[in-house]
Visitor: 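Have a look at this one before I ask anything.
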Amino acid sequence: MTAVPLKVTDLTAGYGPTRIISNVSFEVPAGRKLVVLGRNGVGKTTLLSAVMGLCTQHGGTIALGEEALSGRKTSRRAMMGLGYVPQTRDIFQSLTVEQNLSTGIRAGSDARLDEAYELFPRLAERRRNLGSQLSGGEQQMLSIARTLLGHPSILLLDEPLEGLAPIICDELMSTITELASSRAISIILVEQQIERALVFGEDAIIIERGQIAWEGAVSALRADRDLIETYIGVGIH
Amino acid sequence: MTAIGTTTAAGAPRLPGWVRYEVTAFAVVTALGLIGYLVFPFDLALLTRIIAVTFLVLSLDLVTGYAGVVTLGQAAIFGVAAYAVGNACLAGITDPVMLLGVGIIAGALMGLVSGVLISRFSALPQLVISIAFGQLVAALANKLAQFTGGSDGLAGFAPSAVLGVFEFDIFGRTSFGFSLVVLAVVLALLLRFVQSPFGLMCRGIRDDALRARMIGTAVYPRLIVMYGVSGAVAGVGGALSAINVGVVSLHSVSFEMSAEALVMLVVGGAGHLLGAVFGSILFQIFGHFVGSTNPFHWMTIVGGTLILITLFAPKGLYSAFASAMAKFRKSRVSQ
């Protein structure tokens with residue numbers, strides 16, 4: 001698939017009647033890398049869930065290219081080009097690495113398992129291991145690789161580095177960065193590790209209490225460290 | 001997967017891993033059948049019955065063990081296929097292979113219908129719907145006596161010779177041989193099927209249906225299709241039962257039959273086709289011999305044994321056996 005822009009307009013969403021995010025609007029142009037920042041519990045994961053159709057959408061619109069996503073089932077959104085890697089990883093525990101990857105290949109697709117192994121050589125070494133036998137980092141690699149085998153036009157990554165050792169974080173971010181430059185794909189990255197996110201992203205939005213508090217280029221955010229201090233409460237070096 | 005046509009170090013052609021597995025399973029089932037034939041030559045009717053019920057347990061494994069749908073109404077599919085075969089035979093289709101086809105079609109259709117109903121729900125509502133579905137079919141089977149014979153059962157039909165050569169004999173040799181060949185072939189096909197992308201995704205749905213949706217899988221339609229396949233397998237069992245016995249009774253569609261099949265599956269190991277086969281064989285042979293040697297306390301003995309198996313091998317005998325074998329191999333490697 002080729003990269004397609006994602007446009008979110010006045011999105012209000014939550015769980016059941018509870019509204020977590022309200023009137024959120026942003027756009028990810030085709031092939032761009034957007035990082036979503038904010039403190040814990042401000043609605044970053046809910047935002048991705050709403051885009052994916054996993055929570056209740058109370059208002060607003062979501063469009064992938066010319067296609068409206070609102071009201072469509074999660075599986076349909078995935079088929080239309082959304083690739084979602086959730087915070088919980090959620091690989092299939094009873095399947096081997098190879099079998100997990102096979103489930104990511106759609107009928108009629110020209111995707112090959114080798115694509116995943118080229119991206120994450122460690123998975124090739126563990127191809128016969130069950131999902132339940134993998135480390136956290138390997139599970140994350142598997143989760144990302146399986147999503148990529150669906151050839152999404154936009155990849156939604158929800159805190160992929162959470163709970164991983166620094167060396168694995170480096171490895172993973174380096175692969176994601178390489179992926180973004182080598183494939184026609186847009187990426188939205190939600191991440192708590194601010195420094196790594198700012199190195200990766202081109203555009204950024206900061207969410208505060210379910211609304212966008214700031215949006216702009218990452219370069220502008222890096223230049224104004226007070227902004228990060230104000231909205232996220234951490235200093236960057 | 002190993003590429004087809006690989007060769008061994010000696011240069012001899014070697015089958016790929018998955019084909020070897022299926023060929024091995026085919027050979028094991030055939031060998032078990034031949035052992036049964038030699039050891040119990042006067043109990044071929046029992047062995048034939050065991051094979052027919054094994055198809056029911058296999059079909060249950062497909063939906064419960066592989067796709068995570070809990071059901072206590074699977075016998076309805078088995079029984080309806082058996083009635084369909086009985087009626088087809090009465091209507092003039094007497095060729096056993098054709099009758100097998102009738103059973104497969106009837107089972108698949110029933111599977112699709114029950115899949116539409118049962119797989120729409122999850123957890124307890126799913127279980128309740130499956131029981132209600134089974135009870136509804138059982139009640140209909142009792143009422144529609146012109147097609148089912150009601151409580152007297154459907155009888156009076158006699159299939160012709162298998163492939164026009166092998167007549168059904170009073171010793172049950174043809175029934176047994178026919179059933180054994182069908183079991184070996186269907187099992188080999190199912191072993192391939194559960195390793196296909198479709199089968200793997202069904203296992204993924206069992207593990208985490210939400211995650212399956214996130215990668216673009218339409219879960220509900222897949223479960224319905226899996227139910228259709230499962231129904232076809234149950235249909236084979238129902239067809240064999242009708243062809244071999246020549247009578248279809250209300251027990252074929254009963255709740256007890258569904259519950260027994262679930263127990264056999266749990267004993268053998270849900271999520272493993274070979275576990276389903278072994279569970280069915282062990283449970284039925286054990287029940288038969290305990291029942292014949294101790295007719296007063298056999299249910300107590302069977303019940304106690306089931307509790308012990310569940311306590312010490314909660315994932316079923318097949319998993320316990322596989323785990324013991326893995327430990328044995330590991331200890332040999334480390335020596």
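Chain letters run A, B, ... following the sequence lines, proteins first and then strands; every chain starts at 1.
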Visitor: Out of A/Thr103, A/Leu54, A/Leu149, A/Leu113, return the one with the most heavy atom pairs under 4.5 angstrom to chain B.
Guide: A/Thr103

Visitor: Could you list which of residues 206-230 of chain B have a heavy atom closer than 4.5 Å to any heavy atom of chain A, in residue-number order?
Guide: B/Arg206, B/Asp207, B/Asp208, B/Leu210, B/Arg211, B/Ala212, B/Arg213, B/Met214, B/Ile215, B/Gly216, B/Thr217, B/Ala218

Visitor: Taking atom CG as the centre, does B/Leu124 end up with more than 12 heavy-atom neighbours from other residues, nucleotides or ligands that are less than 6.0 angstrom away?
Guide: no

Visitor: Which atoms of A/Thr88 are under 4.5 Å from chain B, going by heavy atoms: the side chain, the backbone, both sets, or neither?
Guide: neither

Visitor: Check this for me: A/Glu178, atom CD, are more than 12 non-hydrogen atoms of other residues, nucleotides or ligands nearer than 6.0 Å?
Guide: no

Visitor: Measure distances from A/Arg77 to the heavy atoms of chain B and classify the residue's part below 4.5 Å as side chain, backbone, both or neither.
Guide: neither

Visitor: Under 6.0 Å from the CZ atom of B/Arg120, do we count more than 12 heavy atoms belonging to anything else shown?
Guide: no

Visitor: Counting heavy atoms not belonging to B/Phe198, are there more than 12 under 6.0 Å from its CZ?
Guide: yes

